[in-house]
Amino acid sequence: MSVTQTEFRRSVLDPEAPAPGGLSDGRGGAADRRFAVYRNNVTVSLTDAMESAFPTVAKLIGPESFRSLARLALRAHPPRSPLMMEFGADFPAFLEGFEPLAHLGYLPDVARLDHAMRLSYHAADADPLPAAVQSMPPDQLATARLQLAPACRILRSRWPLHGIWRFNHEDGAPQPQARPEDVLIARPGYDPAPHLLPPGGAAFLTAAASAPLGNAYEAALTETPDFDLTALLSLLIGTGAITALE
Amino acid sequence: MLDRTFPNDLPALPGVGYKPQHYTSIIADPAPVGWLEIHAENYMGQGGRPLAQLRHLAERFPISVHGVGLSIGGEGRLDADHLARLRHLCDWLNPASFSEHLAWSTHDGAFLNDLLPLPYTDATLARVCDHIDAVHEALGRRMLLENPSSYLAFDESTWSETDFLREIARRTGCGLLLDVNNVFVSAVNLGMDARAYIAEFPLDQVGEIHLGGHDEDHDDAGRPLLIDSHGREVADPVWALLDEVLTLSGPRPALIEWDNDVPDWPVLAAEAGRAADALARVPA
C-alpha cells in the first residue's frame with residue numbers, strides 16, 4: 001500500500017485524523033505514536049513561528065490563548081512559502097473573521113503592526129539622506145519627490161495602535177488613549193521601531209509615494225486642516241527615514 | 001560575489017550551526033570552531049542585521065549553506081521561486097558547501113516546516129534524482145544530500161536507505177552529508193543496527209558530518225522512540241558512532257547542530273571541542 005503526500009499532509013495537520021495506512025514501526029507494528037511525532041513537530045514548529053512573528057498579539061491575549069489561536073489559524077492557512085520571515089501575512093484577515101475575539105477589535109491592526117515590523121527587519125539597507133531637507137526653499141519642496149527607506153512602513157488605524165504597542169513593549173509606558181493612531185515604522189540601523197505619526201502624516205506619506213510633495217501637502221490638509229509638516233519632517237529626518245528628495 | 005583570502009572549502013575541523021546570539025563570541029574567539037553553517041531560509045531577506053552579520057562572518061570563516069525548505073523528496077516539482085532564492089544567496093555568498101535533505105516539506109502549496117519522510121522506491125528514486133539534477137543546474141554547484149532521522153517505515157519501500165543514497169549519488173553526482181545522530185535515532189526507532197548502517201554507507205561520498213542531540217520518548221509498544229530535537233548535548237553512543245565513522249572515512253568537517261534551547265557560547269564551543277578531539281584521534 002502506498003501513502004501519498006496528500007494523505008500525509010492531511011493527517012499531519014488534522015489532530016482528529018488517523019495516521020495514514022501503509023506505515024509501520026519498522027518491525028511490522030503500529031506506527032500511530034510515531035506518526036504523531038511528525039504531527040507534533042509540524043504543529044509546534046509552526047506555532048513557535050507564529051509566536052515569534054506576532055509577539056504583541058501573543059502578549060495581549062496571553063501565550064496559552066495565543067498558541068490555541070495559532071493552531072487554528074495555521075490549519076486554516078498553512079504557510080505558502082518556506083520563508084518563515086514572511087509567514088502570517090493572512091493572520092490579520094483571519095483575526096478579523098474570528099468571532100470569539102471580535103470584542104478585541106484592535107487585534108487585527110496589532111497583527112499588521114507585528115508583521116510589518118518583521119518585514120522591516122529584513123528589508124533592504126539604505127543610507128538616509130543627509131539632513132538639510134528643511135532648508136530646501138518652499139517652492140522647490142512643492143515639486144520635489146520624497147523617497148522613504150525600504151524598511152519604512154506606514155500603518156493607519158482607528159485604534160490607538162502606537163499606544164498599544166508601547167504599553168506592551170516599554171516599561172512604564174502610559175495607558176493607550178482612546179483615539180485613532182497612525183504609525184511609521186523606521187529602521188535607522190538594524191532595529192525597526194514604530195513611531196506615532198502626527199495627524200495627517202499618513203495621508204501625506206501615502207500621497208507622497210506617487211506624487212510631488214505639494215500634492216501630498218494638499219492631501220494632508222484636506223484630511224487634517226492643521227497638519228504640521230515641520231513636525232512630520234523632523235520625525236522623518238530623526239529616524240533616518242528619507243533616502244532621497246529630488 | 002564575496003571574495004575570500006582563505007581556501008573556500010570546508011576544513012576537516014569542527015563547525016557549528018550559527019545562531020545570531022553567538023555573533024560577538026564567535027568574532028572574539030571562535031576556537032575550536034573552523035567554519036559555520038547557516039540555514040539558507042533565514043538569510044533570504046533583502047538586508048538588515050542577518051545579512052550584515054553573515055557578510056562579516058563570511059569574511060572570516062568558510063560558510064556552509066544548509067537548506068531546510070526545498071522539499072527535494074516532494075511529489076511535486078521543486079518551487080522555482082525558492083530555487084531562484086537559493087541561487088541568489090549562493091551567487092552572493094559563494095559558500096564552501098550547499099546541502100539539503102532527503103525529505104519533503106511542501107505539498108500542494110503548503111509548507112509544513114518539518115522534514116517529512118518518503119518511501120524508498122524506484123519511483124521516488126527517479127523523482128529525487130530529477131530534483132537534485134535541477135538543483136545542480138540552478139546553482140551551478142554540487143550539493144550534499146543528508147540522510148534523515150526516521151520515526152516510521154513505509155511498507156512500500158523496496159530500497160534500503162544506504163543503497164538509495166548511494167544510487168542517488170551515483171546517478172546525480174551529488175555528495176552526501178552523513179548525520180550520525182540521525183543514524184543512531186533511526187536505528188533505535190526502526191530496530192536497525194547503526195554500525196551495519198555505517199558499514200554500508202558510501203563514506204567516500206561524504207563531504208560533511210552532522211552531530212546533534214536527541215530526546216527520548218516511547219512508542220505505542222513501550223519501546224524507546226528517539227526524537228531528533230537538536231536541543232541538547234550529543235549523546236555518548238552518538239560520539240562512539242562518530243569514532244567508528246571517522247576510523248572508516250578519515251577526517252571530515254563535523255558540525256554541531258543545536259537549534260532549540262540554544263546554550264551560551266562556551267557550552268556549544270565545548271561540544272565543538274569534543275568533535276575536535278574525535279577528529280584528532282583519526283590519522284589524516
Side-chain angles (χ1 to χ4, degrees), chain A residues 1-6 8-10 12-13 19-49 74 77-87 118-126 150-151 187 189-192, chain B residues 40-53 67-71 73-76 79 81-82 85 104-119 121 123 149-156 186-187 189-192 217-221 223 225 227-229 260:
Chain A
M1 171 172 185
S2 71
V3 187
T4 65
Q5 290 179 359
T6 302
F8 207 100
R9 175 198 151 172
R10 188 169 48 228
V12 117
L13 282 176
L23 305 174
S24 82
D25 64 356
R27 310 160 178 90
D32 292 11
R33 178 73 192 86
R34 286 136 184 282
F35 185 80
V37 175
Y38 295 108
R39 182 181 278 149
N40 186 60
N41 284 350
V42 168
T43 306
V44 170
S45 75
L46 290 177
T47 308
D48 287 350
L74 64 90
H77 304 282
R80 308 302 295 178
S81 137
L83 258 63
M84 296 315 286
M85 64 180 71
E86 295 175 355
F87 181 35
R118 167 72 72 88
L119 295 181
S120 174
Y121 183 75
H122 290 285
D125 303 330
R187 199 191 82 193
Y190 293 129
D191 295 303
Chain B
E41 285 72 13
N42 293 338
Y43 296 88
M44 289 183 170
Q46 302 301 306
R49 180 177 287 115
L51 292 182
Q53 286 191 345
V68 297
L70 194 53
S71 201
E75 283 173 7
D79 178 345
D81 291 341
H82 199 56
R85 287 189 287 259
W104 63 280
S105 50
T106 298
H107 182 67
D108 199 16
F111 174 69
L112 300 171
N113 203 29
D114 191 30
L115 299 168
L116 300 169
L118 60 149
T121 67
S149 52
S150 297
Y151 306 114
L152 49 75
F154 289 80
D155 296 346
E156 66 196 282
S186 297
N189 289 347
L190 302 182
M192 302 183 311
D217 200 346
H218 291 90
D219 73 358
D220 311 85
R223 275 191 295 256
L225 179 60
I227 314 291
D228 180 31
S229 60
N260 298 302

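In what follows, chains are A, B, ... by sequence order, proteins preceding strands, each numbered from 1.
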S.K.: What residue in B:D217, B:T106, B:V68, B:D81 has the most heavy-atom pairs under 4.5 Å with chain A?
M.R.: B:D217
S.K.: Checking heavy atoms, do the side chain of B:D79, its backbone, both or neither come under 4.5 Å from chain A?
M.R.: side chain
S.K.: Verify, without hydrogens or angle tests, whether B:D114 (side chain) and B:L116 (backbone) share a donor-acceptor contact under 3.5 angstrom.
M.R.: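 No.
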S.K.: Under a 4.5 Å cutoff for heavy-atom pairs, which residue among A:A31, A:S24, A:G28, A:A19 has the most contacts with chain B?
M.R.: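 So the answer, after comparing A:A31, A:S24, A:G28, A:A19, is A:S24.
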S.K.: Taking every heavy-atom pair that is under 4.5 Å apart, which of B:A110, B:G45, B:S150 has the most such pairs with chain A?
M.R.: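 If we count pairs closer than 4.5 Å to chain A, B:A110 comes out on top.
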S.K.: Taking all non-hydrogen atoms of both residues into account, name the closest pair between B:D219 and A:R33 and its distance.
M.R.: CA-CG, 3.5 Å
S.K.: Given side chains that start at C-beta, do those of A:P79 and A:L46 come closer than 4.5 Å, heavy atoms only?
M.R.: yes
S.K.: Select one option (side chain, backbone, both, neither) describing which atoms of A:T43 are under 4.5 Å from chain B's heavy atoms.
M.R.: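 Contact with chain B is absent: no heavy atom of A:T43 under 4.5 Å.
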S.K.: Side chain, backbone, both or neither: which part of B:H107 has a non-hydrogen atom closer than 4.5 Å to chain A?
M.R.: both
S.K.: Tell me, for B:A221 versus chain A, whether the close heavy atoms (under 4.5 Å) come from the side chain, the backbone, both or neither.
M.R.: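 For B:A221, there is no contact with chain A at all, as no heavy atom is under 4.5 Å.
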S.K.: Is there a side-chain contact between A:R9 and A:T4, using heavy atoms and a 4.5 Å cut-off?
M.R.: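 Result no, sub-4.5 Å side-chain heavy-atom pair not found.
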S.K.: Side chain, backbone, both or neither: which part of B:S149 has a non-hydrogen atom closer than 4.5 Å to chain A?
M.R.: backbone
S.K.: Which bit of B:L112 comes within less than 4.5 Å of chain A, counting heavy atoms only: side chain, backbone, both or neither?
M.R.: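 Contact with chain A: backbone and side chain both.
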S.K.: Using modelled atom types and a 3.5 Å cut-off, is there a donor and acceptor pairing between side-chain atoms of A:S120 and backbone atoms of A:A151?
M.R.: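 Indeed, once roles are kept as given, a pair shorter than 3.5 Å links the two residues.
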S.K.: Which residue out of B:G69, B:A52, B:A153, B:S229 racks up the most heavy-atom pairs below 4.5 Å with chain A?
M.R.: B:A153
S.K.: Looking only at non-hydrogen atoms, find the nearest pair between A:R34 and B:L190 and report the distance.
M.R.: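 Looking at all heavy atoms of both residues, the closest pair is NH1-CD2, 4.2 Å.
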S.K.: Suppose we call two aromatic rings close when their centres sit under 6.0 Å apart. Are A:F8 and A:F35 close by that rule?
M.R.: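 Judged by ring-centre distance (under 6.0 Å), A:F8 and A:F35 do meet the cut-off.
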S.K.: Between A:H122 and B:N42, what is the shortest heavy-atom contact and its length?
M.R.: CE1-O, 4.4 Å
S.K.: Which heavy atom of B:G73 sits nearest to which heavy atom of B:W104, and what is that distance?
M.R.: C-CB, 3.5 Å
S.K.: Which region of A:V37, side chain (C-beta onward) or backbone (N, CA, C, O), has a non-hydrogen atom less than 4.5 Å from a non-hydrogen atom of chain B, or is it both or neither?
M.R.: side chain
S.K.: Highest number of heavy-atom pairs under 4.5 Å with chain A: which of B:A40, B:G74, B:G76?
M.R.: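 The residue among B:A40, B:G74, B:G76 with the greatest pair count is B:G74.
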S.K.: Please classify the contact between B:L51 and chain A as side chain, backbone, both or neither, with a heavy-atom cut-off of under 4.5 Å.
M.R.: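 B:L51 has no heavy atom closer than 4.5 Å to chain A.
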S.K.: Please rank B:S71, B:G48, B:G191 by heavy-atom pairs under 4.5 Å with chain A and give me the top one.
M.R.: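 Top count of heavy-atom pairs under 4.5 Å with chain A: B:G48.
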S.K.: Regarding A:D125 and A:R187, does a basic nitrogen lie under 4.0 Å from an acidic carboxylate oxygen?
M.R.: yes
S.K.: So do A:P82 and B:L70 actually touch side chain to side chain, heavy atoms under 4.5 Å?
M.R.: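 In short, these two side chains do not touch, never coming nearer than 4.5 Å.
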S.K.: Let me know if A:L74 has heavy atoms under 4.5 Å from chain B in its side chain, its backbone, both or neither.
M.R.: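 Answer is neither: A:L74 stays 4.5 Å or more from chain B.
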S.K.: Check whether B:I227 gets within reach of chain A through its side chain, its backbone, both or neither, counting any heavy atom under 4.5 Å.
M.R.: side chain
S.K.: Quick check on the interface: out of B:H218, B:Q46, B:R49, who has the most heavy-atom pairs with chain A under 4.5 Å?
M.R.: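 Option with the top pair count is B:R49.
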